[in-house]
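Working notes, beginning with the structure itself.
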There are 2 protein chains.
Amino acid sequence: MSSTASAPAKPRPAPPRVSLLRTRKEHAQETAQDYVEMIGELIATTGEARVTDLARRLGVTHVTVNRTIQRLRRRGLVTALPYRSIFLTDAGRQLSEESRFRHQVVADFLKSLGVPAAVAYADAEGMEHHVSRETLEAFAKHLRPGRDRAG
Amino acid sequence: MSSTASAPAKPRPAPPRVSLLRTRKEHAQETAQDYVEMIGELIATTGEARVTDLARRLGVTHVTVNRTIQRLRRRGLVTALPYRSIFLTDAGRQLSEESRFRHQVVADFLKSLGVPAAVAYADAEGMEHHVSRETLEAFAKHLRPGRDRAG
DNA sequence: TCCATGTTGTAGCAATGGCTACAATATATT
DNA sequence: AATATATTGTAGCCATTGCTACAACATGGA
Ligand SMILES: [Mn+2]
Ligand SMILES: [Mn+2]
Ligand SMILES: [Mn+2]
Ligand SMILES: [Mn+2]
């Protein structure tokens, strides 16, 4: 290991740096965000959110939806009774609206850069969950350069 | 359900739309990308990539690193022998460089929008895995408006 | 009313990605 | 060389997020 030389020495193993921790925690929240966002959308467009509809729209089986809904129930984001459709709690509705807004801003921002709409929406679906408040504001600012913080 | 009226009718449950499938698949690749990227970085800066160093830098325990390395080995991204340090295969090195480049472009792009460096790097850590070729090119183009595709 | 179909729920499997506790090996210090 | 420390590996736990197969319930049509 130290005869012919080829390794550039070892200037300290370096302290912890990359926070995969944050990424992992975000993953745990991504599902919740995508579900409540879709639940809100279904309620707004069809009047109710059913397990089957969610499964179809999210591209997973009804089994997966069912169990996820139970988790969201435990987290206080939705209410659901056996064989009945799904409702958002106040917290769920709030998260739903935040997620929907952020998703839209990210997608619009990408489109404004010239990314094709379909690609922009697809990318936004994944990127949205990793966009901090600061970055979201930078995106929004870029979208409306004139105004600077009015609702 | 149809007496007092409050639900806006049901204009079809709508066909599958959102591709959580893509998001899931991307998740499956995130770990691989983050690991090979870090392995490449460790080899470049300290001469070798050890389990302990990876654990420290990624913010997980050495146990998690160990098992992940076995998975990467099966996927042909790294080679590793018991009690020896980890090496990248050709495929691993290529993925490492691609990931590193994309990570850097995303981070630089966010910084160019005025996002604080620390936040930009943190956001990029998660966003990078969901950035398509088209979006990456849009980011890169925004960074160097003059040049248009020269290496 | 009866039955077919649609919807929801449950049982049980797999892969991923965390962890603690403990064992084995390698390296460094005396 | 002997011992202490650091590193690596293994056993076994948990939660999440997928799935298929099957059971139960609800609802519309005959
Ligand atoms: Mn969304
Ligand atoms: Mn999403
Ligand atoms: Mn990265
Ligand atoms: Mn990353």
Side-chain angles (χ1 to χ4, degrees), chain A residues 1-2 10 12-14 16 18-35 38-39 42 46 48-75 77-87 126 129, chain B residues 1-2 10 12-13 16 18-36 38-39 42 46 48-75 77-87 126 129:
Chain A
M1 207 21 124
S2 57
K10 291 184 198 171
R12 279 297 178 131
V18 170
S19 61
L20 282 215
L21 289 188
R22 193 187 115 158
T23 306
R24 298 301 156 218
K25 283 183 183 174
E26 283 170 344
H27 281 182
Q29 287 191 248
E30 289 184 28
T31 303
Q33 292 174 4
D34 286 332
Y35 271 71
M38 185 59 81
I39 290 167
L42 280 172
T46 74
E48 67 177 338
R50 301 185 310 161
V51 171
T52 297
D53 300 335
L54 273 171
R56 245 193 301 264
R57 298 283 290 263
L58 296 174
V60 296
T61 66
H62 79 277
V63 182
T64 302
V65 170
N66 218 296
R67 234 190 352 199
T68 305
I69 293 301
Q70 299 315 312
R71 263 198 301 275
L72 299 184
R73 225 168 52 81
R74 271 185 262 129
R75 290 190 206 173
L77 293 171
V78 306
T79 59
L81 290 170
Y83 294 101
R84 318 239 57 194
S85 66
I86 299 142
F87 299 92
H129 309 287
Chain B
M1 207 17 127
S2 58
K10 291 183 196 169
R12 279 308 182 115
V18 170
S19 61
L20 283 215
L21 289 187
R22 195 189 112 158
T23 306
R24 297 303 155 216
K25 283 183 183 173
E26 282 169 345
H27 282 182
Q29 287 191 250
E30 288 184 28
T31 303
Q33 291 174 3
D34 287 332
Y35 271 71
V36 297
M38 185 59 81
I39 290 168
L42 280 171
T46 75
E48 66 177 341
R50 301 187 310 161
V51 170
T52 296
D53 301 335
L54 273 171
R56 243 193 303 265
R57 300 282 292 259
L58 296 174
V60 295
T61 65
H62 78 277
V63 183
T64 301
V65 170
N66 219 297
R67 235 187 354 193
T68 304
I69 294 300
Q70 298 315 315
R71 263 200 298 277
L72 298 183
R73 227 169 49 82
R74 273 186 260 128
R75 292 190 206 174
L77 293 171
V78 306
T79 59
L81 291 170
Y83 294 100
R84 319 241 56 196
S85 65
I86 299 142
F87 298 92
H129 309 286

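Throughout, a chain's letter reflects where its sequence line sits, starting with A, and its residues are numbered from 1. Atom set for the values below is all heavy atoms of this structure, side chains included, hydrogens, waters and symmetry mates excluded.
As rounded to whole Å, 19 Å separates atom P of D/dA6 from atom CG of B/L54. At whole-Å resolution of the value, CG in A/D34 and P in D/dT17 are 10 Å apart. Computed from coordinates, the A/R74 CZ to D/dT17 P distance equals 11 Å when rounded to whole Å. In this structure, NE2 of B/H27 is placed 15 Å from C1' of C/dA15, rounded to the nearest angstrom.
Annotation: the span from A/I39 atom CD1 to A/R57 atom CZ amounts to 12.0 Å, rounded to 0.5 Å.
Under the 4.5 Å side-chain criterion, counting only non-hydrogen atoms from C-beta, A/L72 is not in contact with A/I86. Contact check for B/L54 versus B/I69: side-chain heavy atoms found under the 4.5 Å cut-off. Here the side chains of B/M38 and B/D34 are not in contact, with every heavy-atom distance at 4.5 Å or above.
Contact check, B/T52 against D/dT8: a side-chain N or O comes under 4.0 Å of OP1 or OP2. Phosphate proximity of C/dT16 to B/T31: absent, as no side-chain N or O sits under 4.0 Å from OP1 or OP2.
Near DNA chain D, defined here as any heavy-atom distance below 4.0 Å, the residues from residues 63-71 of chain B are B/V63, B/N66, listed numerically.
Shown here are the side-chain hydrogen bond (donor to acceptor under 3.5 Å, both in side chains) partners of A/R75, two or more places apart in sequence or in another chain: there are none. Contacts of A/T61 classified as side-chain hydrogen bond (donor to acceptor under 3.5 Å, both in side chains), with partners at least two apart in sequence or in another chain: A/T64. By the side chain to side chain contact (heavy atoms under 4.5 Å, CB included) test, B/Y83 pairs with no residue at all, sequence neighbours left out. Under the side-chain hydrogen bond (donor to acceptor under 3.5 Å, both in side chains) criterion, B/Q70 pairs with B/R73, not counting sequence neighbours.
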Name the pairs: protein N/O against N/O of nucleotides 22-28 of chain D, kept only if under 3.5 Å.
residue: D/dC25; atom: O4'; partner: A/Y83; partner atom: OH; Å: 3.3

